[in-house]
Structure formats: C-alpha cells, structure tokens
There are 2 protein chains.
Amino acid sequence: MVSDNSSIVAALRKRIIDGHYAPGERLAEIPVAEALGVSRTPVRLAFRTLQQEGLLQRVGKRALAVRVFSPADVQCAIEVRGVLEGLAARLLAERGLDPKTRAALLDCLRAGETIVGMAQLSEESIGAWSEVNARFHATIVDADERRVIADAIARNNHLPFASADSIIIERGELDKAHQRLRIAQLHHRLVFDALESGESARVEMLMREHAQIGLRYDSLFKPIE
Amino acid sequence: MVSDNSSIVAALRKRIIDGHYAPGERLAEIPVAEALGVSRTPVRLAFRTLQQEGLLQRVGKRALAVRVFSPADVQCAIEVRGVLEGLAARLLAERGLDPKTRAALLDCLRAGETIVGMAQLSEESIGAWSEVNARFHATIVDADERRVIADAIARNNHLPFASADSIIIERGELDKAHQRLRIAQLHHRLVFDALESGESARVEMLMREHAQIGLRYDSLFKPIE
DNA sequence: ATAGCTACGATTGGATCCAATTTGTTTGGA
DNA sequence: TCCAAACAAATTGGATCCAATCGTAGCTAT
C-alpha cells in the first residue's frame, strides 16, 4: 500500500535494490500495480522515472526490465560520482566556505570522529556513521545555490552502489569495517581542511579519490600530517 | 499534431528551447494537450520526463513551470559537461583507442579541418562544423561499452546550452566565429593526440578546458607545437 | 480597513476503458 | 521435421472519467 506518486518510485527503487525484482527481470505494469495496490497510471509514471534514471531498461520494443549492472558499470558509476562531487567541492572551495556550510561540515566531522573513535564498532554505529557520511557529502553538494550539480548528482544516485551512503560493508566483518571507516573519516577531515584553505584543485582530487573508497579503501591517500 | 510519446517530449523540448514557452511560464496539462492534439495522459508522461531533465520545475505545490536558467546555471552546467566528458576521455585513453573509434575521430578531424581551413566561412559551414563537433564529442563519449557515462551525459544534455553542439555563435559575426572554430578545432586535434598517446591525465584536462570554449574561447590552451 | 475563513473554480492525480501493437503459440504446408 | 504464417492472448499506449487538492476570490467579523 502506497500513498502518493513519489513514494511509488521510492518503493519500486527499494524493491529493485533489495533484489525483490531481480536484475534482468521483466516488469509489467499490471502485476506491479496490483502488488502496490494502485492503478496502472501512477505505475506508468514511476516506470518512466525509473527508466530515465537507468534502473529500468527497454528490452525488445515495449517491455521494461530491471537493468543488469556489470562490475565495470559499478566502477564507472563511481567514477562519475567522483568527478561530480569533485567538481562540487572545487567550486565550493573557489567560492569559499560560508559559515553555515562550515558549521554543518564541522558537525559532521565531529559526529563521525566520535563514532569512529569508539573502541568497538556495532552495526548500529556503522549505520549512524553512514548517515553522517551521507550528510557530509550532501552538505558539500547542496552548498551551491544553483542546483545544477546537485541535480546532476541526484540524477545518477539511483545506482544503488553509486550513492554516497553506500559505503556499506559486509556485515559481520566489523574490524575491517572499522578500519575502512577510519580511513573514510580521515578523508573527510582532509577534504574539510582543503575546503577551508581554499585549495580547490586539491579538494577536487581528494573528493575524487574518496569516492573510490568502496573499491580501494587502502587507497592512494597519503594521510599527510 | 504529434504521433508517439517520445516525439511529444521532443516537441515540448523544442518549444521550450525556441522560447515558445518563456522561462518561468507556467505549463498546464490541458492547454498543452490541446495544442499538441493529444490527450492529457501522454502530456503528463512528457512533463514527468522534462521535469526530471530539469527543463520543467515545480512551482508551489502542484504547478510546473519552465525553468529559468541564470548565467551562473549555464556556467555550472558547462562545468558538469566538462568533467563528464573529461572522464570519458580519460577512460578512453586508459583503455587505448580501438581502431574503429580512432578512424571515426580522424574522420571528424579531417572534416572539421577542411571546413575551418576555408578562406571564408558561411553560416552553412558553421552548421556543418557544429555537426562534426557533435560527432567528435559523441564518439569519445560513446566509445565506452558501458553506457554509464554516456547516460550520465545524456541526462544533462537537455540543457540547451550544455549540449556539445551548442558552440553557437552570434549570427553575423562570422569572423569572430571563424576564429573560435579554429581554436575549437585545434582543441580537437590536441585531444586526439593525447588520446592516441594514452596521456590520460592530459586528455582529461584538455576536454575539461575545451568544454569552456563557449565561455572563454581565448582560453588557457597553449597551442603547443 | 484588514485579517481570517469559507466556498468555488481550476487543475492535478488516480482509475478505468478502449485501441493498437507485439509476442508467443499453434497449425498447416513444404 | 522444420519453417512460416496466422491467430490469439497479453501488454502497452492513449482517452476519458472521477476524485482530491490547491489557490483564489469574496465575504464577514472584529
């Protein structure tokens, strides 16, 4: 049971990401509409949205199917997010940090470092850090009054793995996760310092590297000081 | 009178870009449907698409209006295109030029240099060069079998000024245009050389600079040899 | 006179109906 | 036995109908 239209899109996205609809599986309007307890019209709208986002893909002439992503696709989507967030960070550094953004970022840094500094990590704290991480990225991206970059990133965030809050982490391997989060948190600190000192080229490079953390968390970063 | 759905989107896009619907103007479903000679349903689908593309924007709670772009928005959209095409070029350089892509790019280079080399430019030849330019960019972007970057760029190309074929040029100022095209054509040559020699970092930088040509055509480029 | 509330009109969102197209299956012929 | 053609079933796309909601205008009361 879903209420309004945007929640239908969200519900379908969730089902796709959760694997409820398998990659490659064909989606027809009527079964989906019945499953969601709505009529075909909003489902058609939602399909249109998801198709444009790239989560659904035409197969044959009329049918839609869940897009299958190869590992190479994932790598590529992460690169895209990296250059876009890098651009956002560079422009922010060039404009200079306004007090509000600076405060928000500092808040994220503090919250994140508190979590990461704990002796032992729980799954809850990993979730909490993920939330902080997402907020850190969103703050940088949304700092631009022109919504152009934010929109561009939003248009690509549909890819589950490409969104900033998907650092996640094989459940159970808490030690490895802790290590990874420590590195990511360090990245955040470096990014903030570069932002504050207006090192635009450097902050762009840092953000681009940081996007890769899901892939190479023992990354090229040389923690400086 | 419009036939299928995608042509409705195209028709509306054209009307918006042509200024038939002014920036900020509110668009209601019924008048548009009547103007196009179709029912409300396909118009709603098209509105959804255009909204996601960013050409339409919600105003208030339900209404849609043609988005107004500030000069800063334009600058920003061009930056976005720059980093995305830069990424595409870098990945292409890292993979190496396959013969087919290489041939296509060389063809663009030859065609473009022929036009630019003419003594006098006409508006037709500017149009022809524009087409070659668009093909050059598309070849680089589409060279990746993974459609991820191409899709990401396509999702942003709706902004009229942000698409690669909008180098254009105040009609009448043919001399200035000629000069600008010469520079752009030189950029293409530099990009190709860097691609061929696998200088991935350099080609990325070149593409990013090249995207700015509409703004600063007396750009940072130092024509090398 | 102004502010707030109510009611009506306009417009969007959802449901259902109808038409067109596609795809799969079955049957017949080579 | 295999291929092709035609038919049937399913599914998408378009049109219309109905309901819900938003915005505005007008009226009333303080």
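Heavy atoms only: backbone and side chains are in, while hydrogens, waters and symmetry mates are out. Letters A, B, ... mirror the listed sequences (proteins, then strands); counts begin at 1.
Comparing D/dG14, C/dG14, C/dT23 by their nearest atom to the side chain of A/K61 picks out C/dT23. The A/R26 side chain lies nearest to D/dT12 when the options are D/dT12, C/dA15, D/dT16. Nearest nucleotide to the A/E29 side chain, out of D/dT16, D/dG13, C/dT12: D/dG13. Ranking C/dG14, D/dT11, C/dT12 by closeness to the A/A28 side chain, first place goes to D/dT11. Side-chain proximity of A/S39 to D/dG13, C/dG13, C/dG14: nearest is C/dG14. Distances from the side chain of B/T41 to the nucleotides D/dA15, D/dC22, C/dT23 place D/dA15 closest.
Protein atom CG of B/L27 is 19 Å distant from nucleotide atom P of C/dA10, rounded to whole Å. Taking atom CG on A/L45 and atom P on C/dA15, their separation rounds to 11 Å, with Å as the unit. Regarding B/R48, its CZ atom lies at a distance of 13 Å from the C1' atom of C/dG14, rounded to whole Å. The distance between atom CZ of B/R40 and atom C1' of C/dT12, rounded to the nearest whole Å, is 6 Å. Whole-Å rounding puts the B/I30 CD1 to D/dC18 C1' distance at 13 Å.
The shortest side-chain heavy-atom distance between A/L56 and A/I16 falls under the 4.5 Å cut-off. Side chains of B/H187 and B/L206 form no contact here, defined as non-hydrogen atoms less than 4.5 Å apart. Within the 4.5 Å cutoff, the side chain of A/E53 has no heavy atoms near those of the A/N156 side chain.
For A/R62 and D/dT11, a side-chain-to-base donor-acceptor distance below 3.5 Å is present, hydrogens and geometry of angles not being considered. Between the side chain of B/R44 and the base of C/dG14 there is at least one donor-acceptor pair of N/O atoms closer than 3.5 Å.
Note: A/H137 and A/H210 have parallel aromatic rings, judged against thresholds of 30 and 60 degrees for the angle between ring planes.
Residue-level contact check: A/L64 touches neither bases nor backbone, having no heavy atom under 4.0 Å from any strand.
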**Message:** What verdict does the side-chain contact (heavy atoms from CB on, under 4.5 Å) test give for A/R67 and A/L55, after you've listed the backbone C-alpha separation in whole Å, the side-chain angles of each residue and the deciding distance to 0.1 Å?
**Reply:** CA-CA 5 Å; A/R67 172 156 172 193; A/L55 269 182; 5.8 Å; no

